[in-house]
Amino acid sequence: HIKSRIELPNGNLRIVINGLDRVKINKYDNFADDNDILMADVSNIKALKFDIIEETAIKRKLVDLTKKYINNNPNLSNSVLNNIKDIDDLYILTDMITNFLPFALDKKLLYMQEVDALKRANALIYDISIELEVLKLDEKIDEALHTDLENNQKEFILRSKLDEIKKELGEDNQHELEVQEYQTTIDSLKASDKTKTKLT
């Protein structure tokens, strides 16, 4: 079903389509009147029936994980939650969640090719669980970096303040005074020049 058709300023068309049925493509043919148009010979795929208890449990788990993933990912809009909350059909639900999640194209194609909605739902639960763990690890890394930067910044500030305090107390050249005192002690020793040079 063509949902919208927009003519772009560059002369191209932008068409948004909505799939109506899941089918198996048997073969492709060129349209008789126009070879630029590709036609497909298809067979309908019958939706599998599932155990009602298993289907309900897996739908609930999938929706809960999707909510958790969206709420923990600041880069995602939570608009999809409104779209999926009232969907009862597992086929439509898995299609919508797959489309929404930021998976790579090849992964989305694998989901599209999987006819069994229950297998798709289980795979989504697995993939979303992994994504949630990645988000947790990412957050831990960010926190560790933030703490490290804060500690380094605190150390830098404290050292700067300490230097200022030493200057105020006249202790900023303390090391130089100690070196001079040491040299004076060596010079006053009753020892050969060779020994004094070694001590220096």
Side-chain angles (χ1 to χ4, degrees), residues 1-6 8 12-31 36-148:
H1 173 69
I2 297 174
K3 293 178 71 174
S4 65
R5 179 182 179 276
I6 303 167
L8 301 175
N12 290 336
L13 284 175
R14 182 181 179 187
I15 297 174
V16 178
I17 59 173
N18 184 37
L20 299 177
D21 293 300
R22 189 176 292 273
V23 296
K24 178 186 177 185
I25 297 171
N26 300 316
K27 64 173 183 174
Y28 290 105
D29 284 312
N30 291 102
F31 189 54
D36 290 334
I37 298 174
L38 199 62
M39 303 289 289
D41 176 54
V42 300
S43 303
N44 286 329
I45 295 174
K46 290 182 75 174
L48 300 173
K49 297 292 181 185
F50 308 114
D51 176 75
I52 188 68
I53 295 172
E54 185 180 11
E55 186 179 359
T56 302
I58 203 131
K59 279 191 290 191
R60 192 171 295 165
K61 181 71 174 175
L62 181 56
V63 170
D64 285 346
L65 272 177
T66 303
K67 283 180 183 175
K68 194 181 287 187
Y69 179 64
I70 291 166
N71 291 331
N72 283 279
N73 193 332
N75 300 318
L76 294 178
S77 165
N78 61 2
S79 61
V80 73
L81 295 178
N82 292 327
N83 296 331
I84 67 172
K85 65 180 181 180
D86 297 322
I87 294 176
D88 194 50
D89 188 312
L90 188 60
Y91 284 90
I92 297 172
L93 181 66
T94 52
D95 282 343
M96 286 196 72
I97 292 174
T98 303
N99 182 55
F100 172 77
L101 293 174
F103 292 149
L105 180 60
D106 56 346
K107 179 165 281 203
K108 289 197 176 191
L109 286 172
L110 287 174
Y111 274 109
M112 188 187 294
Q113 289 163 2
E114 177 53 66
V115 175
D116 189 329
L118 204 59
K119 287 182 180 176
R120 278 210 307 276
N122 277 306
L124 278 169
I125 287 168
Y126 176 79
D127 283 335
I128 294 171
S129 297
I130 288 175
E131 290 294 327
L132 278 167
E133 290 303 312
V134 169
L135 284 174
K136 282 182 192 173
L137 185 58
D138 197 40
E139 194 175 330
K140 280 184 183 176
I141 292 168
D142 283 345
E143 283 175 5
L145 283 172
H146 183 68
T147 303
D148 195 36

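Source: prediction; values computed, not measured. Note: hydrogens, waters and symmetry copies are ignored here, and every other heavy atom, side chains too, is used.
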Who pairs with K136 by salt bridge (Lys or Arg N to Asp or Glu O under 4.0 Å), at least two apart in sequence or on another chain? E133

List in chain and number order the residues that pass side-chain contact (heavy atoms from CB on, under 4.5 Å) with D138, two or more places apart in sequence or in another chain; answer none if no residue qualifies. D142

Please identify each residue that fulfils side-chain hydrogen bond (donor to acceptor under 3.5 Å, both in side chains) with S43, with sequence neighbours left out. N26

Please enumerate all residues that pass side-chain contact (heavy atoms from CB on, under 4.5 Å) together with Y28, with sequence neighbours excluded. I25, L38, A40

Taking all atoms of both residues into account, what is the closest heavy-atom pair of S129 and L65, and its distance? OG-CD1, 3.6 Å

Check side-chain contact (heavy atoms from CB on, under 4.5 Å) between L48 and all other residues, then give those that pass, not counting sequence neighbours. F50, Y91, D116

Between OG1 of T66 and NZ of K61, what distance do you get to the nearest 0.5 Å? 11.0 Å

With I87, which of L93, I97, V63 fulfils side chain to side chain contact (heavy atoms under 4.5 Å, CB included)? L93

Report the residues that fulfil salt bridge (Lys or Arg N to Asp or Glu O under 4.0 Å) with D36, sequence neighbours left out, ordered by chain and then residue number. none

If a pair satisfies salt bridge (Lys or Arg N to Asp or Glu O under 4.0 Å) and one of its residues is in residues 88-101, list it, with sequence neighbours excluded. R22-D95, K59-D88, D95-R120

Output, in order, the C-alpha distance, side-chain angles, deciding distance and verdict of side chain to side chain contact (heavy atoms under 4.5 Å, CB included) for L13 and R5. CA-CA 7 Å; L13 284 175; R5 179 182 179 276; 3.7 Å; yes

Can you run down the side chain to side chain donor-acceptor pair (under 3.5 Å) pairs that involve residues 96-113, sequence neighbours left out, and say none if there aren't any? K107-D127, Y111-D127

Distance in Å, N44 CG paired with D21 CG, rounded so as to fall on 0.5 Å steps: 6.0 Å

With a 4.5 Å limit on heavy-atom distance, are the side chains of K68 and D64 in contact? no

Results of side-chain hydrogen bond (donor to acceptor under 3.5 Å, both in side chains) for K67 - residues two or more places apart only: none

Those residues at least two apart in sequence (or on a different chain) that pass side-chain hydrogen bond (donor to acceptor under 3.5 Å, both in side chains) with E143 are none

Among residues at least two apart in sequence or on other chains, which ones pass side-chain hydrogen bond (donor to acceptor under 3.5 Å, both in side chains) with D51? none

How many angstroms lie between CG in N73 and CG in L135, if you round to the nearest 0.5 Å? 5.0 Å

The reported gap from CD in E131 to CG in L101 (rounded to nearest 0.5 angstrom) is 8.0 Å

Atom CG in L62, atom CG in L90: separation rounded to 0.5 Å? 7.5 Å

Does M96 reach the side chain of N83, with side-chain heavy atoms less than 4.5 Å apart? yes

With I2 via side-chain contact (heavy atoms from CB on, under 4.5 Å) - residues at least two apart: I15, I17

Would you say V16 and I6 make side-chain contact, with heavy atoms under 4.5 Å? no

Kindly determine whether M39 and N30 satisfy side chain to side chain contact (heavy atoms under 4.5 Å, CB included), including the steps that lead there. CA-CA 6 Å; M39 303 289 289; N30 291 102; over 6 Å; no

What's the separation between atom CG in L132 and atom CD1 in I128, rounded to the nearest 0.5 Å? 7.5 Å

Just wondering, are more than 12 heavy atoms of other shown residues or ligands nearer than 6.0 Å to CG in L8? yes

